Amino acid sequence: MSVPVLTIDGPSGVGKGTVARVIAQQQGWHLLDSGAIYRAFALAVDSRSIDISNEAALEEIAKNLDLSFKTHKDSELVSVYLDDQDVSKVLRTEQTGEMASKIASIGVVRAALLKRQQDFAISPGLVADGRDMGTVVFEKAAFKVYLTASAEERANRRLKQLQAQGSEGIISQILAEVEARDARDSSRKHSPLKPAKDALVIDTTELSLDEVIAQVSELVKA
Ligand code: C5P
């Protein structure tokens with residue numbers, strides 16, 4: 001692979017997206033939020049009322065997914081369009097994350113979305129975040145990071161994020177959701193969540209965001 005790729009994998013709520021965005025800005029590289037692709041796909045399936053046991057129909061939708069990302073100048077926001085509709089808000093809900101996690105365990109879906117993700121690796125470089133970026137999608141990436149943190153810490157971060165947005169949350173419920181998603185993503189047959197053998201594993205439980213960014217930044221610059 002000629003284009004430098006940094007993969008950032010890890011469980012939900014660990015802060016991969018924020019770290020990926022900052023490093024991509026620092027390096028002037030492209031950004032792939034692969035979770036957004038699975039989330040948008042789940043929305044597309046939901047809106048068509050397809051039974052998720054119908055693998056041929058799922059494959060067809062995955063192959064023809066009309067999805068685009070629009071980055072805003074002077075802002076951290078990325079808008080996501082599905083069938084020309086702005087789905088950025090509904091994309092981020094816990095319910096969409098749940099649907100995505102269920103549907104992401106299906107092998108034909110992952111295969112049909114593979115090339116779409118690999119096509120993001122264009123000059124001058126790419127930061128890709130998800131669950132299987134370093135193990136499957138960009139197996140030969142030059143730089144690989146796996147971020148982790150205790151489920152309690154990730155649930156706390158999620159609660160703070162919700163509160164900052166003016167929403168409410170119940171910590172026990174958020175923790176249960178985090179643990180359920182971890183269990184599903186790690187135990188599935190196809191591309192389970194796990195660190196690549198050559199990934200730098202960073203436990204962020206006791207680290208600030210700046211400390212995590214500094215470690216990842218050092219890896220890419222070294
Ligand atoms: O990262 P995010 O929470 O947006 O991902 C939503 C779901 O999509 C995850 O729980 C996971 O099941 C799935 N996913 C995946 N592989 C990726 C990215 C996300 O299976 N590379």
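These numbers come from the heavy atoms of this one structure, side chains and all, not from hydrogens, waters or symmetry mates. Since the structure is predicted, the reported quantities are computational estimates derived from the model, not experimental observations. Just so you know, ligand 1 is whichever comes first in the structure, and atom 1 is the first atom listed for that ligand.
Of the protein's non-hydrogen atoms, the one nearest atom 16 (N) of ligand 1 is Arg110 NH2, 2.9 Å. Protein heavy atom at the shortest distance from atom 8 (O) of ligand 1 is Tyr38 CB, 3.6 Å.
Looking at Arg131 next to ligand 1, an N or O pair under 3.5 Å apart turns up. Looking at Asp132 next to ligand 1, an N or O pair under 3.5 Å apart turns up.
With distances taken over non-hydrogen atoms, the option nearest atom 7 (C) of ligand 1 out of Met99, Arg39, Arg181 is Arg181. Looking at Ala104, Ser105, Ser34 and measuring to atom 18 (C) of ligand 1, the nearest heavy atom belongs to Ser34. Proximity annotation for atom 19 (C) of ligand 1: of Gly35, Ala180, Gly97, Ala128, Gly35 comes nearest, heavy atoms only.
Judged by distance alone, with hydrogens and angles left aside, the side-chain atoms of Lys189 form no donor-acceptor pair with the main-chain N or O of Ser105 at under 3.5 Å. Judged by distance alone, with hydrogens and angles left aside, the side-chain atoms of His30 form a donor-acceptor pair with the main-chain N or O of Ser123 at under 3.5 Å. For Lys144 (side chain) and Asp198 (main-chain N/O), no donor-acceptor pair under 3.5 Å exists by modelled atom type. In terms of modelled atom types and a separation under 3.5 Å, the side chain of Arg116 and the main chain of Leu65 share a donor-acceptor contact. Side-chain atoms of Ser47 come within 3.5 Å of backbone N or O of Ala44 as a donor-acceptor pair. With hydrogens and angles ignored, the 3.5 Å screen pairs no side-chain donor or acceptor of Asp129 with any backbone N or O of Ile8.
With ligand atoms numbered from 1 in the order given, ligand 1 contributes 9 (C), 10 (O), 11 (C), 12 (O) to contacts under 4.0 Å with heavy atoms of Asp185. The contact set between ligand 1 and Met133, taken as ligand atoms under 4.0 Å from a residue heavy atom, comprises 21 (N). Close approach of ligand 1 to Arg92 (heavy-atom distance below 4.0 Å) involves ligand atoms 4 (O).
Contact of the Ser217 side chain with the Ile23 side chain is registered, since non-hydrogen atoms from C-beta on lie closer than 4.5 Å.
Under a 4.0 angstrom heavy-atom cut-off, Arg184 registers as lying outside contact with ligand 1. Judged by the shortest distance from any of its heavy atoms, Lys102 lies outside the 4.0 Å radius around the atoms of ligand 1.
Contacts between Ser12 and ligand 1, counted as non-hydrogen atom pairs separated by less than 4.0 Å, are absent for every part of the residue.
No more than 12 heavy-atom neighbours from other residues, nucleotides or ligands sit within 6.0 angstrom of CD on Gln95. Annotation: Gln26, atom CD; neighbour count of heavy atoms from other residues, nucleotides and ligands within 6.0 Å is above 12.
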